[in-house]
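Input: a single structure, listed below in structure tokens.
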Amino acid sequence: MGSEAIIVFFLAGVVLVAGANFLSNLISPKSDNPQKREPYESGMTTIGPTWVQFKVGYYLFAILFLIFDVEVAFLVPWAVVFGEMGSIALVEILIFLFILGLGLAYAWKKGTLKWE
């Protein structure tokens, strides 16, 4: 009984997403003009080349931010159930923070946190 329900939910999700995309493409207004193909920045026409290569440091910094930002998403539910679980929850969160600390130490050692 359980596996059939999972398959049904999966198929329903695929059909709904595909149907929504198909319907959107079918009924959405379409216009193609040269102005739509121009690069756009804050309502002003760009000056110079519009394709600029960014340093990889920006991406690494953003990924590190996301990792430690998602950490908060795990800490909030933990804080809610901490009173009910007691010392087991404390041990689990210490292990979690230790692993994140190792990741931070690794990034620090590699020099990823230096903004140059």
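Since we're looking at a predicted model, the values are computed, not measured. In this chain, numbering begins with 1 at the start of the sequence shown.
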query = About how many Å separate CD1 of Ile27 and CG of Leu23, when rounded to the nearest 0.5 Å?
reply = 4.5 Å
key: Hydrophobic cluster (4.5 angstrom, side-chain heavy atoms) - remaining members for Val72   = Val76
ask   = Between atom CD1 of Ile63 and atom CG of Asp69, what is the distance when rounded to the nearest 0.5 Å?
value = 13.5 Å
key: Of all pairs that satisfy ring-ring contact (aromatic ring centres under 6.0 Å, His included), the ones with a partner from residues 5-34, not counting sequence neighbours   = none
ask   = Can you get from Ile88 to Leu97 by hopping between Ile, Leu, Val, Met, Phe, Trp and Tyr side chains that sit under 4.5 Å apart?
value = no
message = Between Ile67 and Leu104, is there a side-chain heavy-atom distance shorter than 4.5 Å?
response = no
message = With clusters defined by side-chain heavy atoms of hydrophobic residues (ILVMFWY) lying less than 4.5 Å apart, directly or transitively, does Ile93 cluster with Met85?
response = no
task = With sequence neighbours excluded, tell me which residues meet side-chain contact (heavy atoms from CB on, under 4.5 Å) with Ile95.
result = Val91, Ile99
inquiry  = Connecting only ILVMFWY residues whose side-chain heavy atoms lie within less than 4.5 Å of each other, what is the rest of Val8's hydrophobic cluster?
reply    = none
request  = State which residues pass side-chain hydrogen bond (donor to acceptor under 3.5 Å, both in side chains) with Ser28; sequence neighbours excluded, sorted by chain then number.
outcome  = Lys30
ask   = Tell me the ring-ring contact (aromatic ring centres under 6.0 Å, His included) pairs involving residues 82-111, sequence neighbours left out?
value = Phe74-Phe96, Trp78-Phe82
